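Step one of this worksheet: look at the structure below.
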Amino acid sequence: MTREDEFRRAAEAFLRAAWVVLECQHVVPTSWFHPYIEVGRDYSGPDVAALPEYKSLEDLISASAPRFGDGMPLGERDFPAQYIFSFLQAFVARSARESSLFAPTGHPVEASIDDLVAAVDATSWEVGCCRVVSHLTTVDSNEVEIGGVTISPLGNAAHSTRREVVDVIGSVIKGADTAFGREAPVVYAPPESVLIVRAMAPKPFDVAPVLSSRIERFLLALRLLWAGTCESVFEVQGEIALVRRFTPTLVRFRGAGPSLLSPTTRVRRTVRLGADDGPRIQGLWSAIEAAEQPREGMALTSFAVAVQKFQLSYHAHTWYDQLVDLATALEAALSGRDTTDVLLRLRTRAAALLATDQDPAAAVFADVGTLYSLRSSLVHGGELSEKRLRNLIMRVSTVPPDALLGTATGYVVDRVRDLVRRSLLARICLAADHEESLWPLDAEPGVDAALADDNARTLWRECWRDRLASFDALFAADRPRRAVDAISQEDTY
């Protein structure tokens, strides 16, 4: 008998014995709609592990590769139990999907054994990461890949969103339903998409955070270039095979808060991507890599804080949390090291660098002052009456005069987020040319003196806009198209 024949015979014997245990405990057969069982939740692991057939299969797996040996370091060692329970659960799911009861032969058995053999013999495993994102789609509503990230648009029908999300993620990570605990998180913030990345790795648990960071990096580019209100709803990570160690895991981006999305998503700006947007995103990352140089001995930089706070503003639970994060980001991006006259310096630098025909310097200067008055009221312990809040909000240049208070706060967050966005772009582009960098990320080369001079100020504005134009993203330097509120039926792209 060959090793493979012995392996298959032991696997079939284990399925027969385990099925009897599960059947006696009324675990199987499962319904077609919920076919995935989980050890510790739907059945007891020790009841199955006590079977002699389990022991035989465990011994065969242990002898199949050095990583299962007792002498392996804990961080390098693998354990047969993870594969055996996953194998049993894969067989149960396949049996339910094919509307069949237990049979020692047939497709569910053969396919599950093939998966088990492949998982045990592998030296690296493919991991998928799928994130549901609001206010993002493609130009033709078809799937497109940009920079290693696949954008899979969802339909806009509210009644089918949950099923469609599960189907799209399940097409990448088999059995992704198990991550939801039978209750998939659902929001309705159309148009929505699933962002998908994959990678092979010898340690699947370690690569998942890397894949998640790749999606976050991709979203940063969308937010910087197109001022999108794209928010992360949730993410599923896990090995894509049905027999695996790294089972599908659900990641939420708002902790234990009351909602999967921030309340300011009622004010939205959708991003619609096409294949020709890939060079723009790559151009931005080239500029960022050129601007960011390793700084020996530095634990944290102000630019890194600015980017992090900008990203966190998409995960905060309330508009005032968002406003505080963004105010910190603006300060980290533009204020420099001097701690005196911070507000005046922020207002003058923002007005000098960000002003355009559509967004004049006077409007930028005034809005930064208003936003910081609001921020000061929030963080310094003072009470803020509804009347004062409304008065401050209505002074912001982008807030419609007839907006309700809840919607108006969304426009305020959108305005300060745009100022931060363009400030970050300006800092990136001004620092990207190391030979003649006008404003390096780690230095203050007479910034205020230069911006006070008409010729120098014009040169600085042209410099960072020219850098954007070099990868066809000059549009990002200006104030974006007006965001729309959720009540509106119009949403131009």
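Predicted model, so just to flag it, every value in this text is computed and none were measured.
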>> Under the rule for ring-ring contact (aromatic ring centres under 6.0 Å, His included), what residues qualify as partners of F91, not counting sequence neighbours?
In response: W19, F102

>> Under a 3.5 Å threshold, yes or no: a donor from one side chain and an acceptor from the other, between T328 and R375?
In response: no

>> Does S212 form a side-chain contact (heavy atoms from CB on, under 4.5 Å) with V251? I'd like the steps, not just the answer.
In response: CA-CA 10 Å; S212 186; V251 177; 5.9 Å; no

> Would you call D115 and K174 a salt bridge, taking side-chain N to carboxylate O under 4.0 Å as the test?
Replying inline: no

>> Determine whether a donor-acceptor pair (N or O, by modelled atom type, separation under 3.5 Å) exists between the side chain of R272 and the backbone of T138.
In response: yes

> Below 4.5 Å, heavy atoms only, C-beta onward: do F7 and I61 meet side chain to side chain?
Replying inline: yes

> Does Y43 have any ring-ring contact (aromatic ring centres under 6.0 Å, His included) partners at least two apart in sequence or in another chain, and if so, which?
Replying inline: none

> Got a donor-acceptor contact below 3.5 angstrom from the R77 side chain to the M72 backbone?
Replying inline: no

>> For a 4.5 angstrom cut-off between non-hydrogen side-chain atoms, does T229 reach V267?
In response: no

>> Under the rule for ring-ring contact (aromatic ring centres under 6.0 Å, His included), what residues qualify as partners of Y320, not counting sequence neighbours?
In response: none

> Is any NZ, NE, NH1 or NH2 atom of the basic residue among K203 and E76 found under 4.0 Å from an Asp or Glu carboxylate oxygen of the other?
Replying inline: yes

> Have T264 and S262 got a donor and an acceptor in their side chains that come within less than 3.5 Å?
Replying inline: yes

> Can a salt bridge be assigned to the pair R217 and E289 using a cut-off of 4.0 Å between side-chain N and carboxylate O?
Replying inline: yes

> Taking 4.0 angstrom as the limit, do D418 and R422 come out as a salt bridge?
Replying inline: yes

> Is the backbone N or O of T247 less than 3.5 Å from a side-chain atom of T249, with the two atoms forming a donor-acceptor pair by type?
Replying inline: yes

> So which pairs with a foot in residues 173-203 pass ring pair (Phe, Tyr, Trp, His ring centres under 6.0 Å), sequence neighbours left out?
Replying inline: F180-F234

> Measuring from R269:CZ to R481:CZ, what's the distance to the nearest 0.5 Å?
Replying inline: 6.0 Å

> Any donor and acceptor pair, going by atom type alone, linking the side chain of Q89 with main-chain N or O of V39 inside 3.5 Å?
Replying inline: yes

> Quick one: ring pair (Phe, Tyr, Trp, His ring centres under 6.0 Å) pairs with a partner in residues 189-219, sequence neighbours left out?
Replying inline: F205-F246

> Quick one: do E126 and R244 make a salt bridge, cutoff under 4.0 Å?
Replying inline: no

> Sequence neighbours excluded, which residues qualify as ring-ring contact (aromatic ring centres under 6.0 Å, His included) partners of F310?
Replying inline: Y314

> Side-chain contact, heavy-atom cut-off 4.5 Å: Q282 with F471?
Replying inline: no

>> Any donor-acceptor pair under 3.5 Å linking the side-chain atoms of Q322 with those of S313?
In response: no

> Does a side-chain N-to-carboxylate-O contact under 4.0 Å join R8 and E12?
Replying inline: no

> Does the side chain of L441 come within less than 4.5 Å of E292's, by heavy atoms?
Replying inline: yes

